[in-house]
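When reading the values below, keep in mind they use all heavy atoms of this one structure, side chains included, and skip hydrogens, waters and symmetry mates. Keep in mind it's a predicted model, so treat the numbers as computed, not measured.
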Amino acid sequence: MTLDVQYEQELKIPVRYVNVPKNAVITSNEIDTVRVVVGDKGITLLALLYGNSDKCIDIDFDNFARSNGTGVITNSDLQKLISKTLPASSRIVSVKPEKLVFYYNYGEKKKVPVRIQGQVIPEPLYFISETRYSPDSVTIYASRKKLDSISVVYTEELHYENFHDTLTIETNLARLSGVKMVPNKVSVCFITDVLTEESIDNIPIVGINMPEGKVLRTFPAKVKITFVTGMKDFQSLTPDDFLVVADYEEFSRSESTKCNIYLKKVPTAIQQAKLSVNQVDYLIEEQ
């Protein structure tokens with residue numbers, strides 16, 4: 001008697017896109033399942049829930065693709081397709097989503113780099129010295145307008161804290177409407193190093209914008225730079241990795257016997273670089 005009573009039950013029905021031309025690429029993250037609330041007798045719903053049914057909704061590309069690179073399956077079309085998978089006695093109460101939309105193109109694509117989004121913060125006294133992606137770029141398929149507007153794709157939001165060893169994460173790429181990414185997931189490796197405060201002496205001061213035939217002499221001629229970096233990176237640093245300058249166009253207009261000096265080039269692996277002095281005595285000599 002219980003199984004003969006009318007009930008309502010949500011069912012999940014797979015969606016399959018068929019008759020897609022070989023030269024067409026569906027670029028959207030198309031929905032692969034619809035949720036349908038069905039009303040029928042308990043015995044029928046039981047068979048639908050636990051039967052070995054392989055029924056699914058076939059979306060015929062030729063019937064629904066429009067010339068503008070999109071395809072729309074309306075609610076009424078969805079209900080007609082769903083009805084074919086149900087017994088004649090079943091009635092459809094609701095369908096979610098109410099309609100399906102897909103995007104396609106004929107092979108237009110480009111390769112773009114991958115970047116992370118979110119916060120990845122190691123323990124105090126550690127920092128991320130290098131981030132490696134595998135792969136470091138992916139191929140995206142989309143409309144020409146979308147392709148022109150995308151220069152990079154991002155991972156899903158990452159949130160990791162308080163680690164000190166190398167951290168490797170497998171992550172999906174953040175979805176973009178109407179864009180297919182191949183592959184759609186990447187491996188990101190965060191390489192850590194210990195922060196240390198160090199210094200390098202004997203960095204020469206270089207005159208820039210000097211008139212022809214004139215030479216800058218500074219006292220001292222070389223300076224020291226202090227900075228924060230990783231232990232591994234410090235071992236490979238040399239004075240040639242830095243550039244300290246004095247600008248003739250600036251000090252030639254000043255009446256002071258001292259000139260300002262500036263740190264113009266530092267390696268990307270260092271932080272908080274500071275000169276030991278910001279001004280030095282100078283002379284201009286003729287060559």
Side-chain angles (χ1 to χ4, degrees), residues 1-107 109 138-143 146 153-159 169-186:
M1 290 177 61
T2 300
L3 293 177
D4 203 40
V5 176
Q6 290 280 334
Y7 295 94
E8 291 182 358
Q9 176 66 45
E10 182 178 271
L11 306 175
K12 293 181 179 179
I13 303 179
V15 174
R16 179 173 60 191
Y17 291 81
V18 298
N19 295 327
V20 180
K22 290 183 178 180
N23 63 338
V25 178
I26 295 181
T27 62
S28 53
N29 298 296
E30 62 270 15
I31 294 170
D32 57 7
T33 305
V34 294
R35 303 193 311 277
V36 185
V37 176
V38 176
D40 210 328
K41 289 183 179 181
I43 186 66
T44 303
L45 294 176
L46 197 64
L48 288 172
L49 278 171
Y50 300 107
N52 294 321
S53 174
D54 59 353
K55 291 181 179 180
C56 66
I57 302 171
D58 285 342
I59 306 296
D60 192 317
F61 182 90
D62 289 336
N63 290 342
F64 296 103
R66 299 174 178 175
S67 59
N68 64 352
T70 65
V72 178
I73 302 91
T74 65
N75 186 266
S76 61
D77 289 328
L78 267 178
Q79 294 206 29
K80 290 176 184 176
L81 293 170
I82 293 167
S83 296
K84 295 178 182 179
T85 70
L86 302 175
S89 59
S90 298
R91 57 186 175 85
I92 298 173
V93 178
S94 66
V95 180
K96 292 182 180 179
E98 293 186 352
K99 68 177 181 179
L100 298 180
V101 178
F102 65 89
Y103 299 86
Y104 71 93
N105 72 13
Y106 289 102
K109 62 183 180 180
V138 298
T139 301
I140 59 172
Y141 296 81
S143 66
K146 279 187 179 275
V153 294
Y154 293 93
T155 65
E156 292 181 337
E157 288 272 350
L158 302 180
H159 295 283
I169 301 166
E170 300 285 337
T171 177
N172 293 323
L173 297 176
R175 290 187 172 189
L176 294 171
S177 177
V179 179
K180 180 177 182 178
M181 306 176 195
V182 180
N184 62 2
K185 60 176 58 180
V186 296

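Note that NZ of Lys12 and NZ of Lys96 are 12.5 Å apart. Values are rounded to the nearest 0.5 Å. Atoms OH and CG, on Tyr7 and Leu46 in that order, are 10.5 Å from each other to the nearest 0.5 Å. Note that CD1 of Ile57 is 14.0 Å distant from NZ of Lys80, once rounded to the nearest 0.5 Å. Expressed to the nearest 0.5 Å, how far CG of Asp60 lies from CG of Asp77 amounts to 11.5 Å. Leu49 contributes atom CG, which lies 10.5 Å from atom CD of Glu10 (distance to the nearest 0.5 angstrom). With rounding to the nearest 0.5 angstrom, the NZ atom of Lys41 is 10.0 Å from the CD1 atom of Ile43.
Enclosure of atom OH in Tyr104 by more than 12 non-hydrogen atoms of other residues, nucleotides or ligands within 6.0 angstrom is indicated. Around the CZ atom of Phe61, the shell of radius 6.0 Å holds more than 12 heavy atoms that belong to other residues, nucleotides or ligands.
Ser143 is not listed as a side-chain neighbour of Thr27, based on a closest heavy-atom distance of 4.5 Å or more. Within the 4.5 Å cutoff, the side chain of Leu78 has no heavy atoms near those of the Val36 side chain. Looking at Val34 and Pro97, their side chains come closer than 4.5 Å, going by heavy atoms from C-beta outward. Asp32 has its side chain out of reach of Pro14: every pair of non-hydrogen atoms, C-beta onward, lies at least 4.5 Å apart. When side chains are defined from C-beta on, Leu86 counts as touching Ile92, because their heavy atoms get closer than 4.5 Å.
Remark: Asp58 pairs with Arg16 by the side chain to side chain donor-acceptor pair (under 3.5 Å) rule, at least two apart or across chains. For the side chain to side chain donor-acceptor pair (under 3.5 Å) test, no residue two or more places apart in sequence or in another chain qualifies with Asn63. Partners of Asp40 by side chain to side chain donor-acceptor pair (under 3.5 Å), not counting sequence neighbours, listed by chain and number: Ser89, Ser90.
The nearest pair of heavy atoms linking Val138 to Pro183 is CG1-O, 3.6 Å. In terms of heavy atoms, Ile82 sits closest to Thr85 at O-OG1, 2.7 Å. Counting all heavy atoms, side chain and backbone alike, Thr44 lies closest to Pro87 at CG2-CG, 3.7 Å. Here the closest non-hydrogen pair linking Ala142 and Lys146 is CB-CB, 3.9 Å.
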Carefully, step by step, assess Tyr103 and Val101 under the rule side chain to side chain contact (heavy atoms under 4.5 Å, CB included).
CA-CA 7 Å; Tyr103 299 86; Val101 178; 4.1 Å; yes
Output, in order, the C-alpha distance, side-chain angles, deciding distance and verdict of side chain to side chain contact (heavy atoms under 4.5 Å, CB included) for Leu100 and Phe64.
CA-CA 10 Å; Leu100 298 180; Phe64 296 103; over 6 Å; no
Criterion side chain to side chain contact (heavy atoms under 4.5 Å, CB included) on Met181 and Ile140, from CA distance to verdict:
CA-CA 5 Å; Met181 306 176 195; Ile140 59 172; 4.0 Å; yes
Could you walk me through whether Glu8 and Arg91 pass the salt bridge (Lys or Arg N to Asp or Glu O under 4.0 Å) test, one step at a time?
CA-CA 9 Å; Glu8 291 182 358; Arg91 57 186 175 85; 3.6 Å; yes
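For the pair Asn172 (side chain) and Lys185 (backbone), a donor-acceptor distance under 3.5 Å is absent.
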